[in-house]
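In what follows, a structure is listed as structure tokens, so that the remarks can point back to it.
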Amino acid sequence: MDHREFIAALPRDKLAGLAEAENAPGLFRLALHFGLIVLFGVWIGLGGPLWWALLIPQGIAICFLFTLEHEATHKTPFRTLWLNEWVGRVCGLLIVQPFEWFRYFHLAHHRHTNIPGKDPELLAGAKPESWRAYVWHVTGLPFWWAMIGQTLRNAVGGDPGDYVPERARPRVLKEARVMLTIYALAFSSLPVTPVLFWAWIFPALLGQPFLRLYLLAEHGRCAFVADMFRNTRTTYTNRLVRFLAWNMPYHTEHHALPQVPFHRLPELHGMMQGYHGVTSEGYAAFNRDYTRGFGSRQC
């Protein structure tokens, strides 16, 4: 059974119930996630005891806002549409990934998941297949270079990609210019106080490698086919990772039914037992297996 047959076999009322968005679970998770970032940021900014030990945790919390921005592109974290939009924009601002642009990039990824020549994630850069490429990928530097370049390109009216429709391009241009203005104001504060450097910029650089290791498991070494049970991986992990990643380790579940909000993915996971084509017992195990098998292209 492929993912389409699985979905077709679900009762319509069950499918509708799974896809029903709510505000409360998202607001609670949002308060916890942003609460951590603010708490760590204030402690770092005030120079509290062992403040330097919080730089990596702060960076991880900031960089994993990617998963919330990602969810907001699907309009699933909250029932209220403007909440999805503005939370997505704020997340995109903090991790230098323009939300309006990323929405279309990501939806194209869902339409053509892991299909060479069509999936924009594959077009943007192949998965690393050597130790040198792997280390370079994990540093996060290619991501920062690509996103800074994309934001600048969007701001000057450059081509944002074939997946961005003409009607959306004025919004993409405006968003990029607003982002660059905010960044300029933020950087202008650094000669006065280094707080933003220590509480945001430097931690984000330290946290990005953890996000790269996490994201590589979503489709790395998965089959180049249209079946979501075979082209996407669900990774079994602990509650902390599922919290920071907004339940996206249940990634097969998300790709099979992207309209299902993050808080219903564990339920969907239970319903999918026996159908997963690709799983991994944690991110350390995945990356150990990945690096052991350089040159292999199948799951």
Side-chain angles (χ1 to χ4, degrees), residues 19 21 62-78 80-127 137 140-184 204 208 211-212 215-216 218-220 222 224 226 228 231-232 246 248 251 254-262:
I62 290 171
C63 289
F64 270 78
L65 288 175
F66 166 85
T67 56
L68 175 52
E69 180 184 9
H70 154 267
E71 277 296 274
T73 65
H74 294 286
K75 303 180 182 180
T76 54
F78 312 101
T80 304
L81 292 181
W82 66 263
L83 262 178
N84 290 304
E85 296 297 299
W86 283 102
V87 167
R89 290 189 178 98
V90 171
C91 291
L93 178 71
L94 291 174
I95 63 171
V96 196
Q97 184 165 263
F99 177 67
E100 290 285 349
W101 168 83
F102 179 65
R103 184 202 309 273
Y104 295 103
F105 175 95
H106 184 67
L107 294 181
H109 162 64
H110 269 266
R111 285 194 300 273
H112 308 294
T113 304
N114 234 31
I115 303 301
K118 293 184 177 181
D119 185 345
E121 282 196 5
L122 295 178
L123 293 171
K127 299 293 190 294
H137 175 83
L141 294 176
F143 167 81
W144 295 120
W145 179 259
M147 286 302 97
I148 291 170
Q150 188 67 58
T151 304
L152 291 171
R153 191 156 52 250
N154 293 349
V156 298
D159 182 11
D162 293 341
Y163 39 81
V164 179
E166 287 295 331
R167 69 179 185 279
R169 297 190 177 204
R171 297 198 305 273
V172 167
L173 183 145
K174 179 181 178 181
E175 173 191 51
R177 290 179 177 177
V178 170
M179 289 176 69
L180 291 176
T181 300
I182 294 173
Y183 293 147
Q208 189 62 222
L211 181 63
R212 293 301 108 194
L215 289 175
L216 192 57
E218 292 184 343
H219 304 284
C222 287
F224 299 141
M228 301 301 178
N231 66 21
T232 305
W246 288 68
M248 282 303 108
H251 212 60
H254 168 69
H255 265 265
L257 285 166
Q259 69 270 35
V260 174
F262 74 96

Residue pair [X] / [Y], side-chain heavy-atom distance below 4.5 Å:
| X | Y | value |
| --- | --- | --- |
| Glu218 | His255 | no |
| Thr80 | Glu85 | no |
| Asn154 | Glu175 | no |
| Phe143 | His137 | no |
| Lys118 | Arg111 | no |
| Pro77 | Leu68 | yes |

Margin query: Just to verify, which of Arg103, Gln259, His110 counts as forming a side-chain hydrogen bond (donor to acceptor under 3.5 Å, both in side chains) with His74?
Written below: His110
[X] versus [Y], closest heavy-atom pair with distance:
| X | Y | answer |
| --- | --- | --- |
| Asn114 | Cys222 | ND2-O, 3.1 Å |
| Met179 | Gln97 | CE-N, 4.2 Å |
| Phe66 | Ile95 | CA-CD1, 3.6 Å |
| Ala21 | Thr76 | CB-O, 4.2 Å |
| Trp101 | Pro160 | NE1-O, 2.9 Å |
| Tyr183 | Gly92 | OH-O, 4.0 Å |

Check: Does the ring centre of His109 sit less than 6.0 Å away from the ring centre of His70?
Finding: no
Notebook entry, point to check: Within the distance-only criterion (no hydrogens, no angle test), does the side chain of Arg89 pair as donor or acceptor with the backbone N or O of Phe99 below 3.5 angstrom?
Noted result: no
Calculate, to the nearest 0.5 Å, the distance between atoms [atom1] and [atom2] belonging to [X] and [Y] respectively.
| X | Y | atom1 | atom2 | result |
| --- | --- | --- | --- | --- |
| Phe102 | Met147 | CZ | CE | 8.5 Å |
| His251 | His254 | NE2 | NE2 | 5.5 Å |
| Leu180 | Ile148 | CG | CD1 | 10.0 Å |
| Leu107 | Tyr163 | CG | OH | 11.5 Å |
| Ile182 | Leu94 | CD1 | CG | 9.5 Å |
| Met248 | Thr67 | CE | OG1 | 7.5 Å |

Margin query: Taking atom CG as the centre, does Asp162 end up with more than 12 heavy-atom neighbours from other residues, nucleotides or ligands that are less than 6.0 angstrom away?
Written below: no
Next item on the list: Answer yes or no: does atom NZ of Lys127 have more than 12 heavy-atom neighbours from other residues, nucleotides or ligands under 6.0 Å?
Entry: yes
Notebook entry, point to check: Under 3.5 Å, is there a donor-acceptor pair linking the side chains of His112 and Asp119?
Noted result: no
